[in-house]
Trainee: 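Here it is, the structure, as structure tokens.
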Amino acid sequence: MLLTEFNPNAIRSEFPLLTREVNGRPLVYLDNAATTQKPRTVLEALEAVYTHYNANIHRGVHTLSQEATQAYEEARTTVAQHIGAPERESVIFTSGATAGLNLLANLLTERYLLEGDTVLVSEMEHHSDLVPWQLNAPRKGAKVVKIPITDDGALDLEQLQALLHRERVKIVAVAHVSNVLGRVNPVAEIARMAHAHGVLVVVDGAQGVKHGRVDVQELGADFYAFSGHKIYGPTGVGVLWGRRELLEALPPWMGGGEMVGTVSFEGTTYADLPFRFEAGTPPYIQAIGLGRALQFYHECNQQAVSEHENRLMRRGYEGISQIRGLRVLGYSPDNAGILSVTHPKIHHYDLGVLLDRMGIAVRTGTHCAEPLMARFGITGTLRASFALYNTEAEVDTLIAGLERAVGMLA
Ligand code: PMP
């Protein structure tokens with residue numbers, strides 16, 4: 001299915017789940033920043049492995065194992081192309097963004113941090129890119145310091161510059177796109193600033209990977225991590241990409257099958273990239289599904305998809321800001337398909353429950369970004385996030401639903 005003209009209504013029929021009803025109403029699924037629904041082609045790719053060529057990869061001479069291995073390695077190539085990686089060997093399959101970021105926090109701490117060093121983490125970061133640093137940096141007597149954000153939700157680059165001068169910084173960790181605000185961080189600029197100080201840049205791409213074209217080299221990232229399930233792929237698989245020479249300089253992480261060269265009680269040697277960081281049976285079926293999801297996303301025209309999502313976001317913003325009391329946090333028309341809504345008196349949870357009764361699925365809470373909530377002095381938001389299958393009619397349903405809910409609760 002190659003779509004030159006982007007048409008969400010045509011695409012919707014590829015997603016079986018979207019036809020269901022919730023509470024007697026057609027489902028309006030606007031929780032895409034948490035996870036996306038899966039197109040039939042991904043479901044079929046998963047079923048094809050289970051029904052036709054399932055066998056553990058990399059260790060069999062038999063036909064099934066070779067077919068599964070080939071499909072898994074093809075998925076690695078697809079991922080490398082999707083993120084503009086210069087070579088496929090530096091694409092490591094993980095179980096998700098969280099796993100990749102924890103691997104980095106452990107190993108970069110081990111390899112680079114010394115007593116008195118600093119890891120800079122953005123104030124809008126998801127807990128997955130903050131807590132792993134807090135768990136690890138103290139092991140070496142290093143500290144984690146926030147890069148503040150401005151009142152309008154942008155990363156404060158002046159403060160970043162000052163911190164780079166003032167602190168002994170070794171690592172900057174920043175989201176490509178904020179999962180709460182939808183803010184697209186100027187990663188290339190941040191990387192230039194950090195690299196001028198010899199500082200490594202870790203990018204959490206969980207939300208950024210599905211926002212238009214991603215090129216890790218243009219971004220200037222040293223590492224980029226994301227999850228498959230947020231980009232129409234299965235759960236249980238993710239990707240960690242790193243610059244080859246940096247990955248090669250890291251010690252092994254988990255030990256087990258496939259990550260070794262030779263093993264003996266006298267001493268063990270370790271495999272080359274990417275297998276060095278893929279101990280045990282990897283989520284090969286999910287990785288094959290992710291490869292298919294990325295192909296699907298490309299066939300839809302990723303640039304057109306992100307323009308479509310942003311059109312929906314702007315339409316949502318226009319409507320929601322007309323509703324008495326509602327405020328969209330950190331909004332900018334250049335944000336990436338996410339709206340975080342607050343009301344001074346009504347709890348976001350109550351709004352979310354009422355919307356659910358109307359068949360509208362949104363997320364409420366802190367979105368695993370408590371420091372960001374503290375920054376704005378709030379306990380949470382109601383978040384609507386858009387995907388390629390959402391329509392203008394659904395945005396209008398959301399706006400009408402919020403108007404009704406506010407009317408009932410105010
Ligand atoms: N970072 C960001 C910005 C996210 O939105 C998420 C998912 N909410 C994660 C990291 C963690 O992803 P996962 O739970 O799939 O590992």
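Counting convention: from 1, in listed order, for ligands and their atoms alike. Count residues from 1 along the sequence. Computed from a predicted structure; not experimentally measured.
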Trainee: Step through the shown structure and confirm whether more than 12 heavy atoms of other residues, nucleotides or ligands are within 6.0 Å of NZ on Lys140.
Mentor: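 Yes, NZ of Lys140 has more than 12 neighbouring heavy atoms, counting only those of other groups under 6.0 Å.
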Trainee: Considering only the protein, which heavy-atom contact is closest to atom 3 (C) of ligand 1, and what is its distance?
Mentor: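 For atom 3 (C) of ligand 1, the nearest protein heavy atom is Asp204 OD2, 3.5 Å.
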Trainee: Would Glu73 and Arg88 count as a salt bridge (Lys or Arg N to Asp or Glu O under 4.0 Å) here? Give the steps.
Mentor: CA-CA 9 Å; Glu73 291 304 330; Arg88 57 190 300 289; 2.7 Å; yes
Trainee: Looking at Arg357, I want to see if its CZ is surrounded by more than 12 non-hydrogen atoms of other residues, nucleotides or ligands under 6.0 Å.
Mentor: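 Count not over threshold, so no.
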Trainee: In ligand 1, which numbered atoms sit nearer than 4.0 Å to a non-hydrogen atom of His229?
Mentor: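 Counting from 1, the qualifying ligand atoms are 15 (O).
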Trainee: Could you work out, for atom 8 (N) of ligand 1, the closest of Lys230, His367, Arg363, His127 by heavy-atom distance?
Mentor: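 Nearest option to atom 8 (N) of ligand 1, by heavy atoms: Lys230.
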Trainee: With nothing but distance in play, are any N or O atoms of Ser128 less than 3.5 Å from an N or O of ligand 1?
Mentor: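 By distance alone, the answer is no.
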Trainee: Under a 4.0 angstrom heavy-atom cut-off, which atoms of ligand 1 come close to Gln207?
Mentor: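 Ligand 1 atoms under the 4.0 Å threshold to Gln207: 3 (C), 4 (C), 5 (O).
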Trainee: Specify the protein heavy atom at minimum distance from atom 4 (C) of ligand 1: its residue, its atom name, and the distance to 0.1 Å.
Mentor: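 It is His126 CD2, 3.3 Å.
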Trainee: State the atoms of ligand 1, each with its element, that fall below the 4.0 Å cut-off from a heavy-atom position in Thr98.
Mentor: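 Contacts of ligand 1 toward Thr98, numbered from 1: 11 (C), 12 (O), 13 (P), 14 (O), 16 (O).
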Trainee: So does Arg244 have more than 12 non-hydrogen atoms from other groups sitting under 6.0 Å from CZ?
Mentor: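 Counting other residues, nucleotides and ligands, CZ of Arg244 exceeds 12 neighbours.
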Trainee: Just to be sure I read this right, does ligand 1 sit under 4.0 Å from the backbone of Ser227, its side chain, both, or neither, counting only heavy atoms?
Mentor: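 The answer is the side chain.
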Trainee: Pair Arg12, Glu394 - check salt bridge (Lys or Arg N to Asp or Glu O under 4.0 Å), show working.
Mentor: CA-CA 12 Å; Arg12 286 180 75 77; Glu394 288 184 309; 3.2 Å; yes
Trainee: Identify whether the distance between the nearest side-chain nitrogen and carboxylate oxygen of Glu110 and Arg139 falls below 4.0 Å.
Mentor: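 Yes.
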